[in-house]
Engineer: 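One structure follows; several queries about it will come next.
The first residue of the sequence shown is numbered 1, and numbering continues consecutively from there. Side-chain atoms are counted along with the backbone in the values below, which use heavy atoms only and exclude waters and symmetry mates.
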Amino acid sequence: MIFVLVITDDESALLQEVSEYLNHHSTEPIIYYGGNYFDEQCLSRRFDEHAITEGIDHLERAHDPGITAHQELFGPFNRHKLDVVASALGFEYQDPTVDGFVVGSKYTRYHLDGEEPDWDRLKQYNNDDVTSLRTIVDQIRSDRRLGGYAGAVSRIT
């Protein structure tokens with residue numbers, strides 16, 4: 001299932017909406033690809049800052065297949081970033097010139113200076129990001145060598 005957030009300047013309301021969504025889907029795992037727990041830690045800090053403790057609790061069911069994918073699941077890649085692994089598995093990005101660093105930079109500029117980014121381009125990146133993750137999860141699910149880990153992500157729809 002893909003969750004789309006509407007852009008808002010009210011971070012607390014946005015985080016509350018995320019927490020409510022996660023509560024509504026409490027039987028499903030939370031899957032993201034970072035290779036370093038960054039997303040989970042960042043979201044946890046923001047939930048904590050806004051005293052949304054149930055949001056923090058939901059993160060206990062988060063999984064980062066990027067950590068497992070690194071040189072273990074799909075072969076000897078020079079790098080294990082999401083785009084490298086997903087591309088090697090056949091995923092084609094709509095705009096391969098945008099990455100998380102570009103998005104973070106543009107989003108930070110928006111918050112600091114009010115400089116509007118090309119929201120459609122950033123949403124396309126987000127769509128590619130989520131869809132490419134699905135490619136990796138499908139590969140994990142089909143790989144019988146992974147046993148329990150494959151089961152942890154098998155409920156993703």
Side-chain angles (χ1 to χ4, degrees), residues 1-11 13-26 28-47 52 55-56 58-75 77-112 115-143 146 149-150 152-157:
M1 184 160 301
I2 297 173
F3 180 61
V4 178
L5 295 173
V6 176
I7 295 169
T8 178
D9 289 331
D10 186 351
E11 183 180 58
L14 184 64
L15 289 166
Q16 189 61 48
E17 184 180 345
V18 170
S19 182
E20 289 169 10
Y21 175 87
L22 294 174
N23 189 54
H24 183 71
H25 296 276
S26 62
E28 300 172 21
I30 300 168
I31 307 293
Y32 67 97
Y33 194 103
N36 57 14
Y37 299 110
F38 172 80
D39 297 310
E40 186 178 342
Q41 292 170 350
C42 183
L43 193 53
S44 180
R45 279 193 305 275
R46 302 316 303 150
F47 279 139
I52 304 173
I56 297 169
H58 289 304
L59 296 177
E60 291 178 14
R61 62 182 205 273
H63 302 279
D64 182 352
I67 293 169
T68 304
H70 179 60
Q71 303 294 329
E72 293 181 29
L73 301 181
F74 310 120
F77 299 113
N78 292 333
R79 296 177 16 228
H80 65 280
K81 288 177 52 182
L82 177 63
D83 62 332
V84 173
V85 176
S87 294
L89 295 173
F91 182 79
E92 294 183 25
Y93 285 83
Q94 297 296 312
D95 185 350
T97 66
V98 179
D99 62 16
F101 182 77
V102 169
V103 171
S105 173
K106 294 200 178 285
Y107 191 69
T108 298
R109 266 192 243 134
Y110 169 67
H111 276 284
L112 294 177
E115 182 182 325
E116 289 279 341
D118 180 347
W119 293 114
D120 289 335
R121 188 170 181 222
L122 299 186
K123 286 190 287 186
Q124 179 60 57
Y125 162 80
N126 190 320
N127 186 56
D128 277 353
D129 212 37
V130 170
T131 308
S132 64
L133 177 57
R134 177 60 189 239
T135 300
I136 292 171
V137 169
D138 287 347
Q139 177 66 32
I140 291 171
R141 290 175 62 195
S142 70
D143 192 329
L146 301 178
Y149 190 82
V153 296
S154 67
R155 296 179 298 177
I156 297 175
T157 58

Engineer: Run the side-chain contact (heavy atoms from CB on, under 4.5 Å) check on Arg121 and Thr97 step by step: do they pass?
Structural biologist: CA-CA 10 Å; Arg121 188 170 181 222; Thr97 66; 2.9 Å; yes
Engineer: Provide the closest heavy-atom pair for Tyr32 versus Asp39 in the form atom of the first, atom of the second, distance.
Structural biologist: CD1-OD2, 3.3 Å
Engineer: Is Val18 close to Phe47 at the side-chain level, that is, under 4.5 Å between some pair of heavy atoms?
Structural biologist: yes
Engineer: Does any N or O in the side chain of Ser87 come within less than 3.5 Å of the main-chain N or O of Val84, such that one atom is a donor and the other an acceptor?
Structural biologist: no
Engineer: Got a second to check how far Glu17's CD is from Ile52's CD1, nearest 0.5 Å?
Structural biologist: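 Going from the CD atom of Glu17 to the CD1 atom of Ile52 covers 11.0 Å.
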Engineer: Measure the acute angle between the ring planes of Tyr107 and Tyr110, then classify it against the limits of 30° and 60° as parallel, tilted or perpendicular.
Structural biologist: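 Aromatic pair Tyr107/Tyr110 classed tilted.
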Engineer: In the structure I gave you, are the side-chain heavy atoms of Leu43 and Leu15 within less than 4.5 Å of one another anywhere?
Structural biologist: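 Counting from C-beta outward, Leu43 and Leu15 do come under 4.5 Å.
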Engineer: Check side-chain hydrogen bond (donor to acceptor under 3.5 Å, both in side chains) between Ser26 and all other residues, then give those that pass, not counting sequence neighbours.
Structural biologist: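 Once residues adjacent in sequence are excluded, Ser26 has no partner under the side-chain hydrogen bond (donor to acceptor under 3.5 Å, both in side chains) criterion.
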Engineer: How many angstroms lie between atom CG of Asp10 and atom CD of Gln16, to the nearest 0.5 angstrom?
Structural biologist: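 CD of Gln16 is found 10.5 Å from CG of Asp10.
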Engineer: Looking at Asn126, Asp120, Asp128, which one forms a side chain to side chain donor-acceptor pair (under 3.5 Å) with Gln124?
Structural biologist: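 Exactly one candidate clears the test, Asp128.
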Engineer: Do you know which two heavy atoms are closest between Leu133 and Ile31, and how far apart they sit?
Structural biologist: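 Looking at all heavy atoms of both residues, the closest pair is CD2-O, 3.6 Å.
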Engineer: So, the side chain of Tyr125 versus the backbone of Asp95: is there a donor-acceptor pair under 3.5 Å, distance only?
Structural biologist: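 Looks like no, no N/O pair under 3.5 Å.
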Engineer: Can you name the side-chain hydrogen bond (donor to acceptor under 3.5 Å, both in side chains) partners of Glu115, sequence neighbours left out?
Structural biologist: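 Result, side-chain hydrogen bond (donor to acceptor under 3.5 Å, both in side chains) vs Glu115: none returned.
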Engineer: Could you pull out the closest heavy-atom pair between Ile30 and His58, with the gap in Å?
Structural biologist: CD1-O, 3.3 Å
Engineer: Any chance you could measure Tyr93, atom OH, to Asn127, atom CG, to the nearest 0.5 Å?
Structural biologist: 11.0 Å
Engineer: Could you grab the distance from atom CG of Leu59 to atom CG of Leu22, nearest 0.5 Å is fine?
Structural biologist: 7.0 Å
Engineer: Within the structure provided, determine whether Val102 and Lys106 are in side-chain contact (heavy-atom separation under 4.5 Å).
Structural biologist: yes
Engineer: Taking side-chain contact (heavy atoms from CB on, under 4.5 Å) as the definition, give me every residue that meets it alongside Ser105, ordered by chain and number, with sequence neighbours left out.
Structural biologist: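 For Ser105, the residues satisfying side-chain contact (heavy atoms from CB on, under 4.5 Å) (neighbours in sequence not counted) are Arg109.
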Engineer: From Asp129 CG over to Leu122 CG, what is the distance, rounded to the nearest 0.5 angstrom?
Structural biologist: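 So the CG of Asp129 and the CG of Leu122 are separated by 11.5 Å.
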Engineer: Between His25 and Tyr21, how do the two ring planes meet: parallel, tilted or perpendicular, split at 30° and 60°?
Structural biologist: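 Tilted.
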Engineer: Is it true that, when you exclude Gln41 itself, more than 12 heavy atoms of the residues, nucleotides or ligands shown sit nearer than 6.0 Å to its CD?
Structural biologist: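 Atom CD in Gln41 is crowded, with more than 12 foreign heavy atoms closer than 6.0 Å.
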Engineer: Okay, side chain of Ser44, backbone of Glu40: is any donor-acceptor separation there less than 3.5 Å?
Structural biologist: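 No; judged by distance alone, with no hydrogens or angles, the pair does not exist.
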Engineer: Closest approach of Ile136 and Ala86, non-hydrogen atoms and distance?
Structural biologist: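 Minimum heavy-atom separation between Ile136 and Ala86: CD1-N, 4.0 Å.
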